[in-house]
Amino acid sequence: MATAYDIIIRPIITERAMAGAADKKYVFEVAKDAGKVEIKKAVEEIFGVKVASVNTLHVRGKQKRMGAGPAGMTRTWKKAYVQLTADSKTIEFFEGMV
């Protein structure tokens, strides 16, 4: 059985993701085989917050070239958008970045 730290790989720190942090919307890279219920439980366990909803999407790898050699691919991964409830506290990790 996977632990919460196996499911949540890393937070996504981009300008677009930080814009949603004001509305208690956070973005994480998650394990490819993780479901929405598992992601919800993992975020609640790690950060001690209440999750209202989880939306997921698969990010496909892109074809990249380095010089004249054959083209390679970047890796595919899964992204989760987590919306916290209105009465939940915020995630402190994202506080200084907004």
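This is a predicted model, so every value here is computed, not measured.
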Under 3.5 Å, which donor-acceptor pairs link side chains of residues 15-28 to any protein atom two or more places apart or in another chain?
{"from": "Lys24", "atom 1": "NZ", "to": "Ala86", "atom 2": "O", "distance (Å)": "3.0"}
{"from": "Lys24", "atom 1": "NZ", "to": "Ser88", "atom 2": "O", "distance (Å)": "2.4"}
{"from": "Tyr26", "atom 1": "OH", "to": "Ile91", "atom 2": "N", "distance (Å)": "3.4"}

With a cut-off of 3.5 Å and sequence neighbours excluded, list every side-chain donor-acceptor pair involving residues 38-60.
{"from": "Glu38", "atom 1": "OE1", "to": "Gly35", "atom 2": "N", "distance (Å)": "2.9"}
{"from": "Glu44", "atom 1": "OE2", "to": "Val51", "atom 2": "N", "distance (Å)": "3.2"}

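Listed by chain and residue number, Arg10, Arg75 satisfy the salt bridge (Lys or Arg N to Asp or Glu O under 4.0 Å) test with Glu29 (two or more places apart in sequence, or in another chain).
For the atom pair Ile9 CD1 and Lys79 NZ, the distance stands at 13.5 Å (nearest 0.5 Å).
Annotation for Met73: atom CE counts as buried by contact number, over 12 foreign heavy atoms lying within 6.0 Å.
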